[in-house]
Colleague: 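For reference, the structure I am asking about is given below.
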Amino acid sequence: MQVKTLDYFIQENLKSRPYFFSFIRPQEAVLFEKYKRYCKKIILDFGCGDGFFAETIFGKNTIDIGLDVPSSRMEMARKNNVYKKIISYEGIYIPLESSSVHSIISNCVFEHIPHIEMSLVEMNRILKPGGHLITSVMCSTWSENLNGKKFLGLPYVRWFNKMQEHNSLLSKKQWMELFEKNGFEIVKDEDYLYERASKMVEINHFLSLPSLILHALTGKWTFGSPHSKVEMKSIHTLIGSDKKNPSACFFVLRKK
């Protein structure tokens with residue numbers, strides 16, 4: 001099976017997602033692609049949303065269960081047959097039996113959960129012994145990398161993180177301690193979303209306002225117009241050359 005590349009994921013995001021996603025989601029997709037060998041048998045996507053991210057890596061109807069809260073875009077995932085089954089939950093208790101899942105994936109979800117420790121307890125409960133949790137998380141260094149902090153200070157940081165619904169921004173060390181405290185051992189960890197890419201994500205949040213309006217009117221983020229090879233190459237080059245002050249981290253965890 002051919003391994004999907006960074007260029008592939010950049011192209012997929014440019015085709016159907018707001019522009020700022022192209023500086024972060026392809027990086028995450030490459031990491032999930034790299035370590036998807038840990039995703040075995042019964043797989044749960046925790047915080048599945050509309051399923052776009054999972055579909056670009058795993059394809060349609062491959063992941064067993066998509067899980068999210070009712071206010072998410074999971075109905076789009078249901079419509080597109082991304083998952084074999086979709087389950088709605090209230091945000092704390094996962095309606096699955098203990099030791100019923102072999103693997104859990106979760107992309108950039110944990111930082112949005114106010115009581116993440118309770119969710120980790122639940123994920124540990126439903127995982128089989130030795131099962132894996134593969135996740136990416138934003139870290140507290142994200143706030144340090146924001147352009148607006150230089151000019152507007154902490155009020156801007158608080159506003160921007162509130163806009164992004166960041167409820168649990170921890171340092172990498174704090175994330176590791178939290179995982180270990182709640183029954184997981186760390187198998188792999190990799191930093192990503194370094195300073196320059198972080199600033200591009202921030203800036204393009206504002207420039208992507210037309211995408212938000214388009215989605216509200218049509219349900220689509222873009223018109224699907226092709227992007228130039230020069231544009232794709234510039235994103236690839238920025239990501240590849242950016243190795244200072246990571247804003248996020250990727251983990252492969254195993255249930256103890």
Colleague: For the residue pair His112 and His166, categorise the inter-ring angle as parallel (less than 30°), tilted (30 to 60°) or perpendicular (more than 60°).
Modeller: tilted
Colleague: Tell me whether Val137 shares a hydrophobic cluster with Ile57, the cluster being built from Ile, Leu, Val, Met, Phe, Trp, Tyr side chains joined at under 4.5 Å.
Modeller: no
Colleague: For Cys108, does its backbone N or O pair with a side-chain atom of Ser136 as donor and acceptor, under 3.5 Å?
Modeller: yes
Colleague: Restricting to non-hydrogen atoms, name the atom on Asp7 and the atom on Met232 that form the minimum distance, rounded to 0.1 Å.
Modeller: O-CE, 3.5 Å
Colleague: Taking atom CZ of Phe206 as the centre, does the number of heavy atoms from other residues, nucleotides or ligands within less than 6.0 Å exceed 12?
Modeller: yes
Colleague: Would the distance check show the side chain of Arg196 and the main-chain N or O of Leu193 forming a donor-acceptor pair, the cut-off being under 3.5 Å?
Modeller: no
Colleague: Between Tyr35 and Glu190, is there a side-chain heavy-atom distance shorter than 4.5 Å?
Modeller: yes
Colleague: Not counting sequence neighbours, list each pair that qualifies as a salt bridge (charged side-chain N to carboxylate O under 4.0 Å, His left out) and has a residue in residues 107-131.
Modeller: Glu117-Lys181, Glu122-Arg125
Colleague: Please answer whether the main-chain N or O of Glu202 pairs with a side-chain N or O of Asn147 as donor and acceptor at a distance below 3.5 Å.
Modeller: no
Colleague: Under 4.5 Å between any side-chain heavy atoms of Lys4 and Glu12, yes or no?
Modeller: no
Colleague: Would you mind checking if Lys256 and Glu185 are paired as a salt bridge, meaning a charged N to carboxylate O distance below 4.0 Å?
Modeller: no
Colleague: Working note: Ser143 + Asn161, criterion side-chain hydrogen bond (donor to acceptor under 3.5 Å, both in side chains); need CA distance, chi angles, decisive distance, verdict.
Modeller: CA-CA 8 Å; Ser143 297; Asn161 280 320; 2.9 Å; yes
Colleague: Restricting to non-hydrogen atoms, name the atom on Leu169 and the atom on Cys139 that form the minimum distance, rounded to 0.1 Å.
Modeller: CD2-O, 3.6 Å
Colleague: Check whether any side-chain heavy atom of Tyr19 lies under 4.5 Å from a side-chain heavy atom of Ile235, and answer yes or no.
Modeller: yes
Colleague: Assess whether atom NZ of Lys60 is packed by more than 12 heavy atoms of other residues, nucleotides or ligands within 6.0 Å.
Modeller: yes
Colleague: Is a donor on one side and an acceptor on the other found under 3.5 Å between the side chain of Thr141 and the backbone of Glu144?
Modeller: no
Colleague: Going from CD on Glu33 to OG1 on Thr5, what distance comes out if it is rounded to the nearest 0.5 angstrom?
Modeller: 9.0 Å
Colleague: Measuring from atom NE2 of His236 to atom OG of Ser22, what distance do you get when rounded to the nearest 0.5 angstrom?
Modeller: 13.5 Å
Colleague: Which distance, rounded to the nearest 0.5 Å, do you find between the CG of Asn107 and the CZ of Phe250?
Modeller: 9.0 Å
Colleague: Search all heavy atoms of Asn124 against all heavy atoms of Lys255 and return the closest pair with its distance.
Modeller: O-NZ, 2.8 Å
Colleague: Side-chain contact test, heavy atoms from C-beta onward, threshold under 4.5 Å: evaluate it for Met138 versus Ile24 and give yes or no.
Modeller: yes
Colleague: Quick one: CD on Gln174 to OG on Ser168, what's the gap to the nearest 0.5 Å?
Modeller: 10.5 Å
Colleague: Report yes if the side chains of Ser100 and Ile42 come closer than 4.5 Å at any heavy-atom pair, otherwise no.
Modeller: no
Colleague: Yes or no on side-chain contact (heavy atoms from CB on, under 4.5 Å) for Trp175 and Ile116, after CA distance, side-chain angles and deciding distance?
Modeller: CA-CA 10 Å; Trp175 279 119; Ile116 181 57; 4.2 Å; yes
Colleague: Determine, using the 4.5 Å side-chain heavy-atom cutoff (strictly less than), whether Phe46 and Val252 are members of one ILVMFWY cluster.
Modeller: no
Colleague: Show the atom names and distances, to 0.1 Å, of all donor-acceptor pairs under 3.5 Å that link a side chain in residues 79-97 to residues at least two apart or in another chain.
Modeller:
from	atom 1	to	atom 2	distance (Å)
Asn80	ND2	Met76	O	3.3
Tyr83	OH	Asp45	OD2	2.5
Glu90	OE2	Tyr93	N	2.7

Colleague: Just by modelled atom types, is the Ile43 backbone N or O under 3.5 Å from a matching donor or acceptor in the Asp64 side chain?
Modeller: yes
Colleague: Fit a plane to each ring of Phe160 and Trp142, take the angle between them on a 0 to 90° scale, and name the class: parallel (under 30°), tilted (30 to 60°) or perpendicular (over 60°).
Modeller: tilted
Colleague: Hey, are the side chains of Ser103 and Lys36 touching, using non-hydrogen atoms and a 4.5 Å cut-off?
Modeller: no
Colleague: Just by distance, do the side chain of Gln27 and the backbone of Phe23 share a donor-acceptor pair under 3.5 Å?
Modeller: yes
Colleague: Say whether, by atom type as modelled, one donor and one acceptor occur between the side chain of His102 and the main chain of Tyr38 under 3.5 angstrom.
Modeller: no
Colleague: Working to the nearest 0.5 Å, report the span between CG of Leu133 and OG1 of Thr135.
Modeller: 5.5 Å
Colleague: Aromatic ring centroids of Phe53 and Phe32 under 6.0 Å?
Modeller: yes
Colleague: Where do Phe184 and Met123 come nearest, in terms of heavy atoms and distance?
Modeller: CZ-C, 4.4 Å
Colleague: Any link between Val121 and Leu253 through a network of hydrophobic side chains (Ile, Leu, Val, Met, Phe, Trp, Tyr) touching at under 4.5 Å?
Modeller: no
Colleague: Which pair of heavy atoms, one from Gly51 and one from Ala77, lies closest together, and at what distance?
Modeller: N-CB, 4.0 Å
Colleague: Distance check, rounded to the nearest 0.5 Å: Lys199 atom NZ versus Leu146 atom CG?
Modeller: 7.5 Å
